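Accompanying notes for the structure given below.
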Amino acid sequence: MSDCLFCKIVAGEIPCTKVKEDDDYLAFRDISPQAPTHVLAIPKQHVPSLNEADDDAMLGGLVLFARDVAVEEGLAEDGYRVVLNTMAGAGQTVFHIHAHVLGGRAMGWPPG
Ligand code: AMP
Ligand code: ZN
């Protein structure tokens with residue numbers, strides 16, 4: 001989608017600090033990290049949010065890709081959180097589905 005920030009990152013039109021990439025997914029460091037490790041994992045395909053997602057393979061692949069990022073970032077043993085903020089009331093500001101991978105500090109519950 002031409003007007004989408006994360007599609008522009010996928011296209012290389014906006015720079016990112018890339019962490020991991022394959023044919024279908026990209027992971028890069030969040031520009032405003034909320035934890036010592038804060039990576040965004042996205043599908044290259046534009047889907048606005050979890051509300052519109054209907055592709056089991058894409059969603060399952062996104063979660064496993066996020067897991068692989070966490071493992072490669074050394075978070076698997078101590079723990080990490082994978083978050084999909086969905087719509088403005090939950091804090092979604094970029095409407096291209098993305099999984100936050102957060103770790104490197106203790107996480108509170110419930111989330112704010
Ligand atoms: P959300 O608020 O769940 O939609 O998450 C969007 C995330 O994108 C926020 O955590 C932002 O800090 C992050 N973000 C916005 N612009 C960029 C960018 N150019 N590069 C990396 N992360 C970004
Ligand atoms: Zn997009």
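Each residue takes its place number in the sequence, starting with 1. Since the structure is predicted, the reported quantities are computational estimates derived from the model, not experimental observations. Just follow the structure's listing: the first ligand is 1, and inside any ligand the first atom is 1.
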Query raised in the report: Val82 and Phe65: same hydrophobic cluster, using ILVMFWY side-chain contacts below 4.5 Å?
Result: yes
Requested in this report: Ignoring hydrogens and angles, tell me if any N or O in the side chain of Gln92 forms a donor-acceptor pair with the backbone of Ala90 under 3.5 Å.
Outcome: no
Query raised in the report: Looking at atom 2 (O) of ligand 1, what's its closest protein heavy atom, distance included?
Result: Gly91 O, 2.7 Å
Query raised in the report: With a 6.0 Å cut-off on ring centres, are His98 and His96 close enough?
Result: no
Query raised in the report: Can you find an N or O of Phe28 that's nearer than 3.5 Å to an N or O of ligand 1?
Result: no
Report task. If the plane angle is over 60° it's perpendicular, under 30° parallel, otherwise tilted; pick one for His100 and His38. Result -> tilted
Query raised in the report: Against heavy atoms of Leu40, which atoms of ligand 1 measure under 4.0 Å?
Result: 7 (C), 8 (O), 13 (C), 22 (N)
Query raised in the report: Would a distance-only check, ignoring hydrogens and angles, find a side-chain to backbone donor-acceptor pair under 3.5 Å from Lys20 to Phe28?
Result: no
Query raised in the report: Does ligand 1 have an atom under 4.0 Å from some heavy atom of Gln34?
Result: no
Requested in this report: Report yes if Gln92 has an N/O atom closer than 3.5 Å to an N/O atom of ligand 1; otherwise report no.
Outcome: no
**Report entry** Test item: Lys18 and Arg29 side chains (from C-beta on) under 4.5 Å apart, heavy atoms
**Finding:** no
Query - Atoms of ligand 1, numbered as shown, that sit under 4.0 Å from any heavy atom of Ser32 - result: 12 (O)
Query raised in the report: So, does Tyr80 use its side chain to make a donor-acceptor pair with the main chain of Thr37 at under 3.5 Å?
Result: no
Requested in this report: Would you mind checking which non-hydrogen protein atom is closest to atom 16 (N) of ligand 1, with the distance to 0.1 Å?
Outcome: Leu5 CD2, 3.4 Å
Query raised in the report: Do Arg81 and Pro111 come close enough that some side-chain heavy atom pair is under 4.5 Å?
Result: yes
Query raised in the report: What atoms of ligand 1 come within less than 4.0 Å of a heavy atom belonging to Asn85?
Result: 3 (O)
Query raised in the report: By number and element, which atoms of ligand 1 are closer than 4.0 Å to a non-hydrogen atom of Arg29?
Result: 21 (C)
**Report entry** same_hphob_cluster(Ile97, Leu40) at 4.5 Å side-chain heavy-atom cutoff
**Finding:** no
Requested in this report: Starting from atom 4 (O) of ligand 1, find the nearest protein heavy-atom neighbour and note its residue, name and distance.
Outcome: Thr93 N, 2.7 Å
**Report entry** Taking atom 21 (C) of ligand 1 as the reference point, the nearest protein heavy atom with its distance
**Finding:** Ile31 N, 3.4 Å
Query raised in the report: Once rounded to 10°, what is the value of the angle centred on the Zn ion (ligand 2) between Cys4 SG and Cys7 SG?
Result: 120°
Query raised in the report: Under 4.0 Å from any heavy atom of His98, which atoms of ligand 1 are there?
Result: 1 (P), 3 (O), 4 (O), 5 (O), 6 (C)
Report task. Go through the steps to decide whether Leu64 and Leu62 satisfy the test side-chain contact (heavy atoms from CB on, under 4.5 Å), and finish with yes or no. Result -> CA-CA 5 Å; Leu64 291 173; Leu62 178 62; over 6 Å; no
Query raised in the report: Taking a hydrophobic cluster as the set of Ile, Leu, Val, Met, Phe, Trp and Tyr residues connected by side-chain heavy atoms closer than 4.5 Å, whether directly or through intermediates, do Val10 and Val94 fall within one such cluster?
Result: yes
Query raised in the report: Does Cys16 reach ligand 1, in the sense of a heavy atom lying below 4.0 Å from it?
Result: no
Query raised in the report: Is the closest heavy atom of Phe6 to ligand 1 under 4.0 Å?
Result: yes
Query raised in the report: In His46, which N, O or S atom comes closest to the Zn ion (ligand 2)?
Result: ND1
Report summary line: heavy-atom search around atom 7 (C) of ligand 1 in the protein gives Asp30 OD2, 3.5 Å
Report task. Check His96 and report its N/O/S atom nearest to the Zn ion (ligand 2), by atom name. Result -> ND1
